Amino acid sequence: MNLSYPITYLNGISVQRATLLYTELGIKTCNDLLNFFPFRYIDKTAFYAIKDLQPNSSEVQIVGKITRVKSVAQKRGSRLVATFQDATGSMELVWFKGQKWIKDALKVNEPYVVYGKLNHYNGSFSIPHPELELVSEYKKKLQTKMQPVYPSTEKLTNSGVSNKLIRTYIQNLLKQFFDSITETLSPDIIDNFKLMSKRDALLNAHFPKSQENLAKAQNRLKFEELFFIQLQLLRKKLINKTKIKGFLFENVGAVFNEFYSTKLPFDLTNAQKRVIKEIRKDVASGAHMNRLLQGDVGSGKTIVALLTMLLAIDNGFQATIMAPTEILATQHYHAIAEMVEGMNIKVDLLTGSVRVKKRREIHANLEDGTLHILIGTHALLEDKVQFKNLGIAIIDEQHRFGVAQRSKLWKKNTVVPHILVMTATPIPRTLAMSVYGDLDISVIDELPPGRKEVKTVHRFDSNRLSVFKFMRDEIEKGRQVYIVYPLIKESEAMDYKDLMDGYESVSREFPPPKYQISIVHGQMKPADKEYEMQRFVKGETQIMVATTVIEVGVNVPNASVMIIESSERFGLSQLHQLRGRVGRGADQSYCILLSSYKLSEEGKTRLKTMVDTTDGFKIAEVDLKLRGPGNLMGTQQSGVLNLKIADVVKDTKILVAARNTAIDVLQEDSNLSKPENTNIKIAYVVLSKTSKIWSEIS
Ligand SMILES: Nc1ncnc2c1ncn2[C@@H]1O[C@H](COP(=O)(O)OP(=O)(O)OP(=O)(O)O)[C@@H](O)[C@H]1O
């Protein structure tokens with residue numbers, strides 16, 4: 001018997017049912033079914049006293065006596081009402097169906113155990129159609145007191161696969177295969193953390209004997225799940241470090257030093273210095289760098305990227321930056337070309353809209369090595385783009401690129417170049433640990449000096465006139481303003497209309513020639529977008545009306561007001577990114593969140609969070625709680641977090657313990673070849689063959 005057998009090996013599961021379970025729930029093997037956990041339990045271990053019932057208690061179990069039974073006539077038909085009492089109070093049990101039969105069966109003044117869903121109406125409690133059992137009968141039965149409730153789908157229920165049936169399947173599975181469940185953790189770990197054995201944990205996760213056992217079982221299974229993820233990620237990192245040799249950037253030479261001493265436009269912050277040091281250490285070690293650079297909006301990641309690229313150039317290598325949008329790539333190009341002006345460094349830009357002739361020139365310069373730095377969008381991934389010797393690939397805003405896309409970039413070389421992934425979406429540490437356990441992480445946790453916190457307010461649409469007045473005052477002071485409209489795919493046409501209506505009303509309020517307005521949205525040609533963007537960058541226009549195309553990375557330090565229309569429709573991290581477009585210079589900046597009066601609870605929380613804090617990490621924590629990790633990372637990454645039982649938000653403590661344990665194990669025994677790690681090794685090999693994580697990150 002083996003748990004990898006298909007579920008058709010179990011008693012009572014037909015091929016038809018098995019197909020349904022696979023298509024609806026992804027359950028194929030016995031092991032899948034065993035790891036399909038209940039999402040809640042009906043707790044029949046606890047008893048309530050009537051006086052302790054609360055309007056929000058859901059299912060309750062009470063011991064008491066029926067003192068009276070009567071039929072009550074109502075508009076349509078009648079209902080049967082029994083008065084039920086315990087020593088502390090009384091309530092009603094109610095039936096609408098089967099009244100005659102029930103009335104005859106009920107025994108007045110005998111002790112019953114009553115179980116059911118509690119109703120609360122007009123200050124009194126009742127249970128409609130309760131489960132009833134005489135105490136004498138109840139005591140005779142040895143029954144499971146906590147019943148599992150499994151997540152299922154409508155399709156399953158419609159096809160006759162009830163919760164009860166799933167329960168039976170799992171019961172059968174545990175009976176048939178119990179002896180095939182093998183321990184996956186080492187005795188040391190089990191001892192150290194006082195964990196339940198694997199068999200007991202699985203048994204109790206499905207059919208717990210008590211709340212306490214359930215907690216223990218869940219703890220053990222969560223630990224195991226997180227431990228093996230960490231083991232995979234950390235081991236991959238270890239293998240990369242030892243097997244993948246990296247280019248050695250030995251020299252901190254002329255180019256880096258010239259830039260540092262004569263061109264650096266400002267003093268680096270301590271955080272920037274620290275990160276550069278971390279990167280230098282990596283690239284000078286002979287091992288391959290695979291580093292995630294996190295820095296909040298406006299924290300100054302671009303300069304770190306440039307200095308890293310100069311290290312490559314000093315060692316005879318080329319460098320590249322891939323950005324998610326054309327606007328952002330163009331902006332990086334301008335910023336970097338400007339900073340290295342006068343030095344003997346050739347920088348170019350490759351995006352979808354670069355003409356064929358220029359493209360050919362770029363290809364040629366790239367191949368003969370005369371081009372040092374290439375900045376671009378997805379266009380960099382085309383087969384024609386061949387570097388002479390790419391030493392470092394920098395990927396900006398990586399959560400917008402799929403894992404496969406990223407690796408395509410670095411597979412361009414026979415030797416994998418060093419990789420620096422930059423993100424402005426602060427990823428809470430716990431999440432970073434579980435998704436990016438294989439990357440090293442650097443954090444720029446300090447903003448450049450002199451920045452003032454962006455003052456953020458929430459206003460309802462009806463206050464628009466005072467918002468316009470505020471804009472006028474700021475423009476008078478020489479500042480520039482962004483007005484952003486949501487653009488959400490499903491209702492693109494409607495959103496587009498909102499944007500154009502908005503543009504018109506802003507144009508009426510701020511007429512030319514005194515005021516000039518730029519407009520940028522996704523349906524424009526790249527060249528037009530760039531033209532409008534540049535007018536704003538140069539200060540020729542005072543107002544930029546845009547959709548979220550400007551969300552990432554746009555850097556116009558003179559812009560100091562960000563107005564977000566229908567802000568309730570944006571996600572938190574998006575709002576934070578948008579706000580990050582202002583407050584990039586020395587002036588006091590403002591963010592005005594406009595919304596309608598109709599706000600969902602979640603919408604209110606999002607806007608309140610924005611008003612309360614500008615700390616990207618705090619915002620990310622709230623976002624994670626509101627939306628769950630999958631969404632935070634974008635759909636591309638959500639698959640990586642395909643956790644069956646653990647929760648990266650709630651189970652931080654277990655995650656940290658699991659990660660530290662994985663580090664300890666690997667430090668002592670990187671190949672898991674010691675006898676005490678045999679269980680771990682066997683489980684690890686099985687997982688590596690089947691786990692999605694493994695295939696996604698390799
Ligand atoms: N150490 C520093 N001192 C002063 N200004 C700095 C410093 N570092 C960066 N800046 C300036 O801060 C602004 C933001 O920097 P940058 O564009 O690199 O931010 P970023 O981290 O890429 O942010 P985002 O993710 O929002 O694009 C730029 O105008 C840059 O010139």
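Counting convention: from 1, in listed order, for ligands and their atoms alike. Keep in mind the model is a prediction, meaning the values are calculated, not measured.
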Interfacing atoms of ligand 1 (cut-off 4.0 Å, heavy-atom, [X]):
{"X": "V297", "answer": "23 (O), 26 (O)"}
{"X": "L268", "answer": "1 (N)"}
{"X": "R451", "answer": "11 (C), 12 (O), 13 (C), 14 (C)"}
{"X": "T269", "answer": "1 (N)"}
{"X": "T302", "answer": "16 (P), 17 (O), 18 (O), 22 (O)"}

Is the shortest N/O to N/O distance between P448 and ligand 1 below 3.5 Å?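 Checking ligand 1 against P448, no N or O pair falls under 3.5 Å apart.
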
Could an N or O of ligand 1 be found under 3.5 Å from any N or O of G298, whether backbone or side chain?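 N/O-N/O distance under 3.5 Å: yes.
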
Just checking, any donor-acceptor pair under 3.5 angstrom between side chains of R579 and T614?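 Their side chains do not contain a donor-acceptor pair, so the 3.5 Å distance test is not met.
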
With sequence neighbours left out, which residue pairs that include part of residues 262-271 fulfil the side chain to side chain donor-acceptor pair (under 3.5 Å) condition?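 Checked against side chain to side chain donor-acceptor pair (under 3.5 Å) - neighbours excluded - the pairs reaching residues 262-271 are T269-Q272.
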
Scan residues 304-318 for pairs that pass side chain to side chain donor-acceptor pair (under 3.5 Å), counting only residues two or more places apart or in two chains.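 Residue pairs passing side chain to side chain donor-acceptor pair (under 3.5 Å), neighbours aside: N251-N315.
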
Just heavy atoms, cut-off under 4.0 Å: does D267 contact ligand 1 by side chain, backbone, both, or neither?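 Near ligand 1, D267 shows its backbone, while the atoms from C-beta on stay back.
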
Taking non-hydrogen atoms only, is Q272 closer than 4.0 angstrom to ligand 1 via side chain, backbone, both or neither?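 Under 4.0 Å from ligand 1, Q272 contributes side-chain atoms alone.
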
Is a salt bridge present between K301 and D396, judged by a nitrogen-to-oxygen distance below 4.0 Å?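 Looking at K301 and D396, the cut-off is not met.
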
